[in-house]
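Below, each value reflects all heavy atoms present in this structure, side chains not excepted, and no hydrogens, waters or symmetry copies.
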Amino acid sequence: MEFIGSSYKGDTKNGRMDGKGEYTFPTETKYEGEMKEGMFHGKGVLHFPNGSKYEATWENGIAKQGSFTFADGLQYQEKDWDYCDGYDRRFYSERCNGLRPAGESQLSDLHPPHIIPDGCYDCGDGSYDPKARVVTSYSGRFLRNADSNRAGLCVQLIITP
């Protein structure tokens, strides 16, 4: 695990994750829950660095049933999803707390929004610098080099009305 940058704290059996534990991926995503024979098995939650989470029942490392909750508390619904459709384009926080007064536009779900350096684009987990072709976290920590697909996604998130 140390070789790939992951870690585990919890119960083991025969040198494998077994019982309750916490597995941390190199991306800082954490799984907290039940393990069996080195795999996620039983009830467990994946906590993502951006604050979102996926709660599921796992069988031999595969999520069999689960629910995803965004960092702002919005819970994903596979059916009857009415958030951000063609009829209602408000941010989730606006749905919960109401619209901001006239003249105080809300440009992201977070108010006030993250500070993005001039010439950079918001990617949801940080900012993309098109000159350096890198994505850094909002606190300035390096996240990844940007390839054509990821860079385009960042730009698209900003310019899509």
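Under the 3.5 Å distance criterion, the side-chain polar atoms of N50 are matched with a main-chain donor or acceptor of S52.
Contact of the I116 side chain with the Y138 side chain is registered, since non-hydrogen atoms from C-beta on lie closer than 4.5 Å. Side-chain contact between E37 and D18 is present, with at least one heavy-atom pair separated by less than 4.5 Å.
Scanning all heavy atoms of the two residues, the minimum distance from C120 to S127 falls at CB-CB, 4.3 Å. Counting all heavy atoms, side chain and backbone alike, Y8 lies closest to K20 at OH-O, 3.6 Å. In this structure, Y31 and H41 approach most closely via the heavy-atom pair OH-N, 4.1 Å. Closest of all the heavy-atom pairs between T29 and P49 is OG1-CD, 3.5 Å.
A single hydrophobic cluster is not seen to contain both M39 and L46; linkage of ILVMFWY side chains at heavy-atom distances under 4.5 Å, directly or through other members, places them apart.
In this structure, CZ in F25 is found 12.5 Å from NZ in K30, a value given to the nearest 0.5 Å. Put simply, CZ on R144 and OG on S137 are 10.5 Å apart, with the number rounded to the nearest 0.5 Å. Rounding to the nearest 0.5 Å gives a distance of 9.0 Å between NZ of K13 and NZ of K36.
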Compile the donor-acceptor pairs under 3.5 Å between side chains in residues 53-63 and protein atoms, sequence neighbours left out, one pair per line.
none

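For E78, the CD atom counts as loosely surrounded, since its 6.0 Å shell holds 12 or fewer non-hydrogen atoms of other residues, nucleotides or ligands.
Looking at residues two or more places apart in sequence or on another chain, you find a side chain to side chain donor-acceptor pair (under 3.5 Å) between E32 and H47.
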